[in-house]
Structures are given as structure tokens and as C-alpha cells.
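Scroll down for the structure; my scribbles are underneath it.
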Amino acid sequence: MDYQFKDIEQKWQQFWADNQTFKAEDKSTKPKYYVLDMFPYPSGAGLHVGHPLGYIASDIFARYKRLKGFNVLHPMGYDSFGLPAEQYAIQTGQHPAITTEANIATYRRQLDQIGFSFDWSREVRTSSPDYYKWTQWIFMQLFNNWYNKDADKAESITKLVAHFEVSGSAGLNAVCDEEAASFTAAEWKAKNNNEQQEELLKYRLTYLRESTVNWCPALGTVLANDEVKDGFSERGGYPVEQKKMMQWSMRITAYAERLLQGLDKIDWPEPLKEMQRNWIGKSIGASVKFPISPSQPSPEGRALNEADNKVSPTGGDLEGGAIEVFTTRVDTIFGVTFLVIAPEHELVAELTTPAQKAEIDAYIAQTKKKSELDRMADAKTVSGAFTGSYVINPLNDEKVPIYIADYVLAGYGTGAVMAVPSGDQRDFLFAKHFDLPIIPILDTQNITDEADPTKEGKYINSLFINGLVYKEATAAVVAKLEELGLGKAKVNFRMRDAIFGRQRYWGEPVPVYFKDGLPHLISESDLPLLLPEVDKYLPTESGEPPLGRAEGWAYTAPSKSPPVGETSPSHEAGNYRETADPVYYEQLKDYSRENRNQPTPAEDILWQFLRKEQTGFKFRRQHAIDQYIADFVSLEKGLVIELDGHHHRLSKEADDARTEILNHFGFEVLRFANDEVLQNPQKVFEKVKEKLEALPERDKTHFIGDQKVSPTGGDLEGADGAEYAYELSTMPGWAGSSWYWYRYMDAHNNKEFASKEAIEYWKDVDLYIGGSEHATGHLLYSRFWNKFLKDLDLVVEEEPFKKLINQGMIQGRSNFIYRVFFRPWGGELFEDADSVKKTTPPLFASFSLAQKIKNGELLSDDIKELITEQLGEHAADKYNISQVAFVQRSHVDVNIVQNDILDIQQFKAKYLREYPEAEFILEKDNYICGHEVEKMSKSKFNVVNPDDLITRYGADTLRMYEMFLGPLEQSKPWNTNGIEGVFKFLRKFWRLFHNEAWAFTVSDAEPTKAELKSLHKIIRKVEEDVERFSFNTSVSSFMIAINELTDLKCNNRKVLQDLVVVLASYAPHICEELWTLLGNQAGTLSYATYPKFNPAYLVEDEFAYPISINGKTKMNLNISLSLEPKDIEAFVLANTDVQRYLDNKQPKKVIVVKGRIVNMVI
RNA sequence: GCUCAGAUGGUGGAACUGGUAGACACGCAGGACUUAAAAUCCUGUUCCCGUAAACGGAGUGCGGGUUCGAUUCCCGCUCUGAGUACCA
């Protein structure tokens, strides 16, 4: 029978599934090998032809390793939490779990038909409770640990508490928040539980802290740095802004050095390692404190500082009297002529003198207006402002002015730099602009036009380092600074802690509840904390994450009532603490602050009337009451004023519910429409005044201290089994993918994330294949979590992925058609030409004709001639051919184009409605399409679906063709054109086993020398190629081998049987079929033995030496390989043809490389 | 700007440690079979000069260098792609 790929492939896929052929053994005497693919997010679009590229490569490798006698773990699963399913849920109301389930089914079907050798018994899904139970469990371990720098590893929080109890914060070398306080053991013991918890939170490896985050309003969530590209969200491309919020973070910075060092020990692509190094961004330098010159720190400075309700961080006040900078060139300290601090620097207000205040305020206002993008675009213009204050250079006592400028970033180093205009180009430009001195500090420096950052030469103008060279000078300066107690050598990292919370629904719930505003872990026995059902997948009306909608989303304390904590810290007094529901307090505080900072125009106007007690009563705006944020409220009178049309306002019912609750808490609600306020604010103001006068004092009995009303209506007070609200954020997408490779080792364990034995057997991933887009996300976080788990002795390897390969991106190859228009004027087609489009029947010109029309080489008359010639006598009549011709290009579905030739029949059927009565002007009887390489996407009609190709050619052909396309790591455009060649090859291979009548026929004769040579060549070649991941070249070699054996008319059983094993990892279905036809037991091929290469079969006794003259090959001569160079030289020189080339002259020199070449110099 | 990767026929690409540049495949051209088309098979196919062949010349982004010999090593440059960016 001819090669019936469809039947064969279905048969074997069924067989593998039924027999669990690829199930890895948990224990084995064989050596282990772990081949892992980056598991996919199951998107609704299904797989396109680019997705399986890496999977095919890893599958070939896994199958090859099985043949080489390894116990191979080759699993697959789904990274099934994520945004698209949730966005879809928001639009349609369909639960993300249902969408995800459906998408996974599609993925599974598509993966199965490619014939992968995955061990599906170990499948994982990050969104399955069995799985995310352990993601939550690992989160809990992170919460329960801190980083001890002395031990250089994570240690239990109980150990930290023990340290505090014995010696307070003294002698502790920990990675922690900057605000961590110093205290003695006695002070520690004097703290109450909440205060202690608050302090411990500053050390935990996952912690809650107010931090500047990337907020994406369109997605309604924060994003990690690696999820933001150029100021836009990676998913969806929405704008991202900076914002302060209470957020969960992961203290990945604790591992910065280990993450950096580990890169040297793993076999990863260099560019990828480089990206991680840049991301970690280690710079070695020094920190220096510049004492503030005692002249005249502004007395109003402090009063003007709005952030009064914040505790000033240590060292951030004038008592210490110094500004700390970080520099990588401490040797240039004598060249410092000014200091620059970030506009957001905490000392700005205090340093600003009254005389400079206006200028500084204006500058700050100006920078605030600039978006991140503007700031980047503006990089070249110099801007800044003088504060009026000075610091003292500690090494030469010079008075140095302090400026603010936005080229200094608040988030890096200390947010302050010492400016050395002679050595740094930005400082140089700044100095020129503000006319500040520029002092050369090295005798080799040339600073006439620009800064010279050289380290060469000897120091000048630099007191005690004059005459020294760079290394000596740096050491001397650091030593001096240390002596003075004003500086020390310091290492800085660019990497920030990773933001961990997401204000979204479809993710792992954080196993945390809040008590007295502090996070507490739930009990381990309550894991998994299941994702609750919600009515909608949107934020609540008060702006809380979707989980805020879940009913009863609260933790029931397992035993007796927890001790009632102290009331809020004093600096919160006078705020809305007393009216807000304490459970939501922290969150509400953030949202209300955000709202205050972004008032709507109507709010702004109304506020002008209500502020400063103009009504006779004090009003607060964006004030939290219970779970809501009121637009304006008078607490004395209990009057809430609400404006409609604020961005988070939803429906009438919601408003009514809100009014009811507010009434319940003793508030009257007054509502105004935005337009009312905008059109007649005076009238609104009068109404407010009237109402205030009519109202009695508010009844405050609802809010007494921390005695609270539960958000769900139940009464918490003092009862056993009291309820505390759960965290409302969920975990980010990278949580589940940061440890999944361990779950595959022991996927069904319900006692541990994976058993000790399983981890000790499988250890780590030997080969990991995936895209480089995960360089600073998944791959960095995974290394971080792995190191953490290693510190806890839960895993055995420091690095999770020994070898990693990035498969290249498959780009799309779009095809274009060219529509011809005629109209009275020429040039491009604009939108206004719609009428022309509609009234003219579609006429398309083949590619090169279209080019000629575009270039004016083919005019209307020529076109008419072509139409008449190709379409008939009067065909041209329906076009306005007397007018000027021009063309418009549009995408055409690549699936109806083959080798750039358009299938006109299919086109007419497909585009019947869009282009009725379409006509085509052909070249050489074909319609040739234009082409271009673009991203593969639906909108470009260039998506090639693997299903179609499998239907047409089969999975084996697809697998081999994807490999044949080019080197695995290289990005390349998809082009289906060559696939026929691979298909022909497989047919030819099938043919070897069959006679003319397609009957299976093999001979049992002894193989000939030539047959064995071909066979062993390919045995060796595939071995070499697979080991170095050069899959494309082995496909070529297979073709060569089959071509040779076809020429030899080989149907020798021994040769063919080995050949089947060699090809089996590339084209498993056809090989399984032939393997059984050869008389082997079905299904044994996957665990057969790879044939042993025998070099004896490749030994030649002659070699066709290339004979070259002056390096140019002239001819070949067959010479016995037993001849030594001397004899070869004599033999070659004796040859008459050689003599002819030499013109009978004696060559100056003859080079003979045995088995390679003969070269003569004349 | 910085860092990294890359540049070879009409196309995808091969040439592994410096040793016959263009393997393998697509495409194209010609031919066989066929009433015809498809499919299949055969031959040719880097470019230039030459009627064809023999033969000759050029040739791996550009310019130089090392070498008997360079796609491969070194120096300088151009272009393309990726990452990153006032990081002190």
C-alpha cells in the first residue's frame, strides 16, 4: 500500500495513549533524563504553526534519549491562570474556568495529533486546586522566612524572633525594608503582638508594603516590571502609570547576588544570561554621605511637607545632616561641583530655601505632569532647579550646591548623585546649562567639548590622591571615607523586589487574612484556599478587586477569639480610620488617596465650595465609610454628598444599596448629577447648606473603636470562630509557573508539593526548551523560588534548569493581492475614494503587473489591452479605463495561496461577498501574490494552522518540516512552500520497504558495503546532530541517506531496521508502522536500542584530493589514503594535467595535508 | 546611546577544530509519461564572459590584515534583528 499517513498516525496515537507508552518510571536503574517544555497558556486561538516548534525539538530529544537507554521524564501541562480568560469572562460572564477548560481541550487535541511522547499521567494545571494548594503553601513558606545575609540563605522567622528576644536588632545582618527599626531586646519584648508583627513584616520574604507600582488602569491591576514594556502593559498594550499602593511583594533582591553568580554555572544561551545580568544590574561602587551645610535650612520646609502623616524614614531628616549618594566612581570625588537629588527625594522640601521655593515648586509641578514616556523622550534636554542649600564635600570641605533634576531617579540608589561634570556627560551638560564649574581630575582628561570618563592617567586637583592611578585612588578614597565614617564600599542592584499581588479574579487566592490591619497566614490545614464565586469579574464599586464581591470571603479563626489589638497607630488619627470598616481599611485608604489625587472636573468644582469650612462645617473628600468611599462627607453632621458619573459608579441598584448602608451607619446621602454641578454650582452649594442646617448631629454609635460590623453582616464581636477578611488580591501569573517542574516529578501527591524521593531521583531539568521572552520573568522567578526551596532543604539543586535552549520565533509570511482602480486623478488611494471602490467591480493585477502600474510603467491603455487579451473582447467595458490607473494592496489569506500563486477558485468562493465578480489579470497564466514577513496574526491573514497541514501531509511530515526550516534557535518566517519536499522524502522512505506494487518486501541478504556505509553515516550524523540540537541538518542527512539507498535499490532488512530506529524520534508514526511490518512487537520501538555506530564501514582507501594552485582548486585526483605526504607530492607532480596547470614550472612550495588537500604555490 | 546576536544563490539554509563554498530542499527552466491536467520521474540551475561545451574570470555585507590556504581568525566600517536605557 502507498504511504497512508492518516491511518498510520491515528493508529499509533491511539496505541500510545492506550498503552501509556511514555509513562516515565518513578524508580529505575536507568539514568534519569528530564526534558521539559515551557508549558503553554491555553489561549482561545489554539496553536498556530509556530507554537509546536520547541515541542517538536524537545520531543525528538526525549525520544532519542529513550533509545539511548535513559528513563526520560517528558511531561506537559497548562499555565491556566491568566488575563485573557478573565477578560473574556468580563465581556461574556462566562466563568474563566469554563473558558480555560474548553481551551485546554483544543490544545490537547492539537498536541495529540502531532504525536508527542508526553507522559500525560503527570499533567498539571496551575488553576487546579490540587496544584495551587502547593503554590499557596510555598507562599506561606516565603512568608515564614527571612534572609540571613551571614548564613547567605533563608531562615525561619522563629529564628529571627529568637534573635530579637536575645539581642534586639543588634548584630543582625538581614535583608529587610529600609524602614526597619533599631531596638533592644527589652524594647522588642515591650512591643505588643501587633507591633511585633508589623516589624517582622519588614523581614519576611513575601511582605505587604506601600510601594510604587506599575498600575494599569485599563486592566485594573498592578503589573511587575517585566510585564511592562516601554510604558505599556505587555498583555494588551495598555498605558501603565506609577502609583503608590499597599502591595504584596517578593523579596527577590535578597537573592540578587546568588541569581547573578548562578548564571556562570548553567548552560544557557549567552544573550539570555546577559539579559538576566542586566536585569539584576549589579554595580560596584561606594556610598558617600555629604554633610548638609548648616547655613539656613528653611523653617517652613517641614510644615510644607504634606507627608506629615508618614513616619520619616531613618536618616532622612536633617539631624543626621547628610545626603547619601551612591557612585561607581568614588575616585572622582574631588571633581564634584554640585549634587543632584531626584524631585521626589524626601529632603527636597526641607532643603528648599524660601528664596528658591517658587522655582523648585514650579519644577516639581512640571515633572509631575510629565508621563514616564515624556520623560524618556525628553532625555536630551537639560532641566533642573537649585534648592538654595549646600552640602560639604567631606574630603576637601568645599561647599557644594544642591539641585533637583528629573534625570536622577528616586528609585535607584539613594535618589541622589554627586555630580562630576568632568567625568560624566549628563553632569557636564547640566554644569554647562547652569554655569557650574567643571574641574578636571585626571591629567589625561580632555574636557573641552564633552565629559571624559577615562580611568587612565594620574589624578590632579585631588589633594591626597594626586599622582595616584585609578585603583590606588579608589582604595585611598574609600579608606579615608570609612575612617571619617562618611562612606563605604557598596554594591548596588538595579533589580527591585517583585510585586506579587494582582487585583484580578482568575489567579491563586493569597492564603492570608487580616486582623487589625495586619496580614496573617491561614492554617496550613485549610489549604487550598479555594477561589470563591463572584457575581461579576469586575472590581467592586468602591474599587476593590473582584474578590471583594465574594460572599463570605472571610477567615473563620479556628479556635478561640484572637486578642483584640490596639487601635490604629497614632499618625492615622484624624483620618477616616474611625468610619472605615477595619477589615477593608488598608485597601480603602489606598483607593481613596488615589481618587483624591484624580478628581473629576465636577468634584473639583464642588470641592472649591466645600473646603475650608465655607459651609460652616468641615468636609472630607474621598473618605472611607464602612466598605465604601464617599465623595464628600461631613462627619459632624453625618452628611454624605455623592456625585454621579465618577468612573467607578455602576448602576442605580448599586447606588441604592450604597445609600441604604450609609443610612444604616447614620449618614444622610445627597446626590447630584455631574452636569448639575458643572452648570450651576452655586445652586448645588445652596442645597448643601440647606441640608446641613436641617440635620442634627450624627449618631456615632455605629463606630466605637475597633468594635466592628462585619462586611458580610455577621457579628464578629468577641465570639469564638470570629471572621476576618481574606486578602482580596490574587497571585500573579508567574506564581504557578515558578515551581511547576517539581510537580511533574510527583504530580498526584496530596501530602507534599513533591515527595523527597521523587525530587532526589529527578533532581532538576536536564533540558528546558522555550522562548526567550521569559528571560526576566518566569526564568528569573523560577530560579529565585528554586533557591529559596533549596535553602529550606526541600529540593536538592541550586539551579532548576541545567541546560536551556530558546527556540526562535516563527514569524508570519503574509501574501498580498493588488486591486486596480481607475479614477481621474492619480496618486495614493485615500478614504475619500470609497465611492470609487464601491462603484468599480474588483479587478486584481498580478504582482509584477501591479508593480508596473504603481511605477507608471503600465498605463491604462496597456491594461485595457491585457484585459481584452485575457478576459475577452468587451471585458474592459465595465471599468473606467480612460482614467488613471493605480493599485491598492491588501492582505489575502495565505491558506488559499501556494508558492505565492493565488488559487482563484478558492478566492472567489471565500471572498464572494467582499469582492463579487472579481476579475484577475494574470502573468504567465497565474495570479502571483506579493509577500512580506510580519508577525503571525489573524488580522494579517497569515496564520497557518497545524491542523490543516496535518490533514494534508500528516504529523510526521509537519514534525520534520518544522525542524528542516532552519536552526532551532533562529527566528524565521513560516513558509509552507518547502513542505512537499519533506513529504516526498517520507514517501520515498516508505517506498524502500515496498515493491512496485506497493507490497511490503524486504530482503534477508547480507548488506553490501555501500549500504552499510550509507547507514552508518546517518547513524553517526544523527547522533552528533541531536546531541548539539542541530535538528535541521539531520533532516538533510536523512534525505541524503534515503536518496543513496534508493539509488542502491536497498531493501535489506538489517539496514532498514536500524534506519527505522534512527529516524524514529523524528517521524515516530511511520517508523512504528514499519517497525511492526518488519516483524517486531508493536510499541517496542520507543524503547529499542539506538544502533551502534561502526567506523569500520566508513573507512575509505582512496580520497579525491582537491589539487589547488595558490589556494584555488583546479582539479581532483584520486590518491590512495595509505600514501604519505612525500609520495603524494611526487604523485601529483607527475600528473600531466597538473603539469599543464603548472605550465611545466616547478612550484615554489607544495603543501600536502593527508586526507584533505594538496596546494601548490607558484 | 549601551549590550548581544546576525549578514552566504531567486528562497530556506549547509560547510562541526582555517582545507573542494553553495550540501539538502523549495522555486525556476527543459524533457519523459499523458488526449489534457494533476501526480510521478529524469536533466540543468551562484554570477559574469563565451553560440554550446571545454575553458577563463569574479564570488560568503564593505575595506584592510594574518596564512600556502579565510564563510571560519584579527582590526575598522555598514546594515539588520533582539534586549535595554537619564542606573550615577
Side-chain angles (χ1 to χ4, degrees), chain A residues 229-230 269-279 281-283 285 325-330 332 340 342 375-376 378-382 405-409 411-420 423-427 429-430 453 492-494 772-773 775-776 806 808-809 811 813 899-901 924 931 961 964-967 969-982 984-985 987 1021 1024-1025 1028 1030 1032-1043 1104-1116 1147-1153 1155-1162:
Chain A
K229 297 272 181 284
D230 298 326
E270 201 47 50
L272 197 85
K273 290 200 210 176
E274 199 60 30
M275 276 165 74
Q276 292 210 347
R277 283 193 195 102
N278 287 339
W279 189 261
K282 180 180 183 177
S283 46
V325 303
F326 174 76
T327 175
T328 52
R329 287 295 302 275
V330 73
T332 64
V340 188
R375 211 161 142 165
M376 282 195 273
D378 252 21
K380 269 155 219 128
T381 43
V382 176
D406 64 3
Y407 83 80
V408 176
L409 304 175
Y412 182 75
T414 59
V417 301
M418 59 177 224
V420 184
D424 182 287
Q425 185 59 19
R426 283 169 328 216
D427 296 347
L429 293 172
F430 197 86
N492 227 344
F493 291 96
R494 197 179 75 100
S772 60
E773 67 272 19
T776 51
N806 291 129
M809 256 248 297
Q811 295 141 307
R813 188 178 185 278
N899 293 332
D900 290 337
I901 297 169
K924 294 179 186 166
H931 63 88
Y961 183 60
F964 187 59
L965 225 44
E969 306 204 23
Q970 197 172 299
S971 285
K972 54 235 159 187
W974 178 265
N975 187 346
T976 310
N977 289 355
I979 199 167
E980 300 269 355
V982 174
K984 277 188 227 164
F985 153 76
R987 250 188 110 210
K1021 178 73 175 159
E1024 284 172 359
D1025 285 353
R1028 64 190 170 98
S1030 177
N1032 57 326
T1033 49
S1034 14
V1035 178
S1036 302
S1037 307
F1038 280 128
M1039 291 174 172
I1040 296 169
I1042 300 307
N1043 287 346
Y1105 278 89
I1107 311 298
S1108 55
I1109 292 170
N1110 290 339
K1112 292 268 172 218
T1113 309
K1114 296 292 175 187
M1115 59 185 289
N1116 285 343
K1148 279 188 210 141
K1149 195 174 173 187
V1150 180
I1151 295 105
V1152 179
V1153 184
R1156 285 241 187 239
I1157 201 168
V1158 178
N1159 188 22
M1160 285 167 287
V1161 189
I1162 49 171

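A note on names: the letters A, B, ... follow the listed sequences, proteins ahead of strands, and every chain is numbered from 1.
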Q. Does OP1 or OP2 of B:G12 have a side-chain N or O of A:K972 closer than 4.0 Å?
A. no
Q | Steps toward side chain to side chain contact (heavy atoms under 4.5 Å, CB included) verdict (A:T1033, A:K1021) | A | CA-CA 9 Å; A:T1033 49; A:K1021 178 73 175 159; 4.2 Å; yes
Q: Would you mind reading off the distance between A:Q811 atom CD and B:A82 atom C1', rounded to a whole angstrom?
A: 11 Å
Q | P-based separation of B:G59 from B:U72 [nearest Å] | A | 14 Å
Q | Separation between CG of A:L965 and CD of A:Q970, rounded to the nearest 0.5 Å | A | 9.5 Å
Q. Taking atom P of B:A23 as reference, at what distance in whole Å does atom CE of A:M1039 sit?
A. 14 Å
Q.
When both hydrogen-bonding distances must be under 3.5 Å and the geometry is Watson-Crick or G-U wobble, what is B:G1 paired with, if anything?
A. B:U84
Q | Touch class at under 4.0 angstrom, heavy-atom based, for A:K1148 against every strand present | A | nothing
Q: Answer with yes or no whether the side chains of A:N1159 and A:S1108 bring together a donor and an acceptor at under 3.5 Å.
A: yes
Q. Between B:A58 and B:U43, how far is it from one P atom to the other, in whole Å?
A. 32 Å
Q | Pairwise 5' ranking along RNA chain B for A:P973 and A:V417, keeping only the more 5' one | A | A:P973
Q | Complementary nucleotide for B:C47 - Watson-Crick or wobble, under 3.5 Å | A | B:G57
Q.
So if I take every side-chain heavy atom of A:T328 and compare against B:U3, B:C41, B:A88, which nucleotide ends up nearest?
A. B:A88
Q: Round to a whole Å and report the spacing from CZ of A:F985 to C1' of B:A23.
A: 15 Å
Q.
For the OH atom of A:Y961 and the CG atom of A:N1032, what is their distance to the nearest 0.5 Å?
A. 12.5 Å
Q.
Between B:G61 and B:C68, how far apart are the two P atoms, rounded to whole Å?
A. 24 Å
Q | Syn-anti status, with the boundary at 90° from 0, for the nucleotide B:G9 | A | syn
Q.
Restricting to non-hydrogen atoms, name the atom on A:F493 and the atom on A:Y412 that form the minimum distance, rounded to 0.1 Å.
A. O-CE1, 4.0 Å
Q: Return yes if some donor-acceptor pair links the side-chain N/O of A:R329 with the main-chain N/O of A:V420 below 3.5 Å, else return no.
A: no
Q. Taking the C1' atom of each, how far is B:U66 from B:G18, in whole Å?
A. 11 Å
Q. Between atom CG in A:L429 and atom P in B:A88, what is the gap in whole Å?
A. 17 Å
Q | Heavy-atom neighbours of A:R277 CZ exceed 12 at 6.0 Å | A | yes
Q) What's the OH-P distance between A:Y407 and B:A85, to the nearest Å? A) 19 Å
Q. Of the nucleotides B:A85, B:U40, B:A88, which has the atom closest to the A:R494 side chain?
A. B:A85
Q.
Please name the nucleotide paired to B:A7 by Watson-Crick or G-U wobble geometry with both distances under 3.5 Å, or report none.
A. B:U78
Q.
Please give me the minimum heavy-atom distance between A:V330 and A:M418, naming the atom from each residue.
A. CA-CE, 4.4 Å
Q) Is any side-chain N or O of A:N1043 closer than 4.0 Å to OP1 or OP2 of B:A25? A) yes
Can you pull every protein N or O that's under 3.5 Å from an N or O on nucleotides 14-21 of chain B?
{"residue": "B:A14", "atom": "OP1", "partner": "A:N1032", "partner atom": "ND2", "Å": "3.0"}

**Q.** Value in whole Å for how far the P atom of B:C28 lies from CD of A:E980
**A.** 12 Å
Q: Would you mind reading off the distance between A:N806 atom CG and B:C4 atom P, rounded to a whole angstrom?
A: 17 Å
Q | Comparing A:S772 and A:R987 on RNA chain B - which has the more 5′ nearest nucleotide | A | A:R987
Q. Quick one: A:Y961 OH to B:G13 C1', roughly how many Å, whole number?
A. 11 Å
Q: Give a yes or no on whether the backbone of A:G1155 and the side-chain of A:Y1105 come within a donor-acceptor separation of less than 3.5 Å.
A: yes
Q.
Could you identify the nucleotide paired to B:C73, looking across every strand shown and requiring Watson-Crick or G-U wobble geometry with both distances under 3.5 Å?
A. B:G65
(Q) Among B:C26, B:C87, B:A25, which nucleotide has an atom closest to any side-chain atom of A:N977? (A) B:C26
Q. Considering Watson-Crick and G-U wobble pairs with both distances under 3.5 Å, what does B:U40 pair with?
A. B:A32
Q: Under a 3.5 Å limit for both distances, which nucleotide forms a Watson-Crick or G-U wobble pair with B:C16, could you say?
A: none
Q.
Which nucleotide wins on minimum distance to the side chain of A:M275, given the candidates B:G83, B:C4, B:C24?
A. B:G83
Q: Between B:C55 and B:U17, how far apart are the C1' atoms? Round to whole Å, please.
A: 36 Å
Q) If we take the C1' atom in both B:C75 and B:U20, what is their distance in whole Å? A) 29 Å
Q) For the side chain of A:K972 and the backbone of A:P967, is there at least one donor-acceptor N/O pair under 3.5 Å apart? A) yes
(Q) Say we look at B:U8 and B:A14: how far apart would their P atoms be, to the nearest angstrom? (A) 11 Å
Q.
Taking B:G19 as the reference, what is the distance to B:U71 when you measure between their C1' atoms (whole Å, please)?
A. 13 Å
